[in-house]
Amino acid sequence: MLEEKTIEWIEISKYNGFSRMIDQTLLPLEYKKVDIKSSKDIYNAIKTMIVRGAPAIGIAGAHGVALGAIENIESENFIDEIKNTAKYINSSRPTAVNLNWAINEQLKILEENKEKSNREITELLIQNAVKLENEDIEINKKIGEHGSAVIPKGATVLTHCNAGALATVGWGTALGVIRSAYLKDKTIKVFADETRPRLQGAKLTTYELTRDGIDTTLISDNMSAYFMKKNMIDVVVTGADRIALNGDSANKIGTYLLAISAKYHNIPFYICAPKSTIDPDIKSGEEIVIELRSKEEVTTVNDKLICAQGVNIINPSFDVTPAELITGIITEYGIFKPNEIYKLFE
Ligand code: MRU
């Protein structure tokens with residue numbers, strides 16, 4: 001199992017260090033870690049998807065705020081500079097609420113300790129980033145444990161995008177459920193959607209699962225209904241980037257289509273996500289901002305043009321699956337019916 005952390009804080013001293021992460025743009029051909037030493041580079045790493053996946057970019061954001069403190073440790077405007085850095089990093093990608101959540105966890109530390117010295121505050125921000133980093137793995141293992149109960153013996157599980165160790169600090173959410181189920185039942189199998197346009201399923205999910213020895217079949221995104229009709233899929237599990245209080249869930253583009261197909265074929269469809277992916281400030285999926293990404297992600301594969309030059313392109317990176325299509329939301333606190341997820345905030 002992929003035991004190394006996808007992203008981790010490397011300590012130089014109590015009030016100095018940097019972020020080390022797997023460069024996910026190179027996988028599966030090359031496994032390389034990069035050291036990110038400034039808040040600006042954290043912004044770029046999130047934007048260019050060196051680090052991606054909702055929980056992983058949350059931790060990158062927390063590291064970025066710590067780097068902002070290190071950069072401004074001698075500044076007289078220390079508090080304001082950190083707040084500006086937080087705002088800047090938070091603008092790198094709009095849909096995954098974990099980024100906003102983790103940055104806010106850092107801003108709470110800042111607020112609670114603003115009377116302390118710059119050095120003490122920097123130390124506390126680093127400590128908090130490392131705490132969030134370590135908690136992420138524990139949370140995913142709990143999601144895995146709860147979720148493994150919904151995977152029938154010998155099941156074939158369909159997943160979309162990459163909600164694995166690479167999308168988190170470790171273990172994964174949807175792939176965490178698959179991993180935990182696999183530890184109990186070695187006969188389960190996985191069908192992985194390739195997930196155009198950026199191919200996170202093909203490049204990252206198959207990389208993770210085949211390394212773990214889990215029987216994995218890669219399919220293109222337009223094949224899932226075919227296999228559902230043939231009774232070859234028993235359950236669907238995916239991650240999420242933002243969940244509204246009514247259970248509507250944003251995830252990688254194509255998830256909605258998958259949920260419609262699953263409903264039509266009476267196949268259970270589960271979202272797997274930590275509480276930090278639920279946005280208590282929005283009532284429904286209508287309010288979720290969907291990131292639009294570059295045309296090149298659609299017009300090219302591995303930098304080669306695959307369509308007529310100049311054709312119109314729209315590239316929404318996420319879609320929202322309505323709560324009524326979701327069988328359950330698997331969290332570290334257990335499995336909730338989508339219309340009961342708000343209870344986590346009561
Ligand atoms: O654009 P990405 O690769 O960041 O999108 C990732 C997803 O949609 C994941 O399914 C989601 O972040 C959940 S990750 C545990």
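Start at 1 and go down the list; that is how both ligands and their atoms are numbered.
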Under the 4.5 Å side-chain heavy-atom rule for ILVMFWY, direct or indirect, which residues accompany I260?
Y256, L325

My understanding is that a hydrophobic cluster links ILVMFWY residues whose side chain heavy atoms are under 4.5 Å apart, including indirect links. Using that, what else belongs to the cluster containing V298?
V311, I313

Give me the atom names and distance for the closest heavy-atom approach of E332 to I143.
N-CG1, 3.4 Å

Run T25 and D23 through side chain to side chain donor-acceptor pair (under 3.5 Å) and show every step you take.
CA-CA 6 Å; T25 62; D23 183 344; 2.5 Å; yes

For ligand 1, list the protein residues that place a heavy atom within a distance below 4.0 Å of one of its atoms, sorted by chain and number.
M49, R52, G53, A54, P55, R93, C161, N162, A163, A167, T168, T173, Q200, G239, A240, D241, N251, K252, F318

Transitively linked via ILVMFWY side-chain contacts under 4.5 Å: I46 with L204?
no

Please identify each residue that fulfils salt bridge (charged side-chain N to carboxylate O under 4.0 Å, His left out) with R93, with sequence neighbours left out.
E291

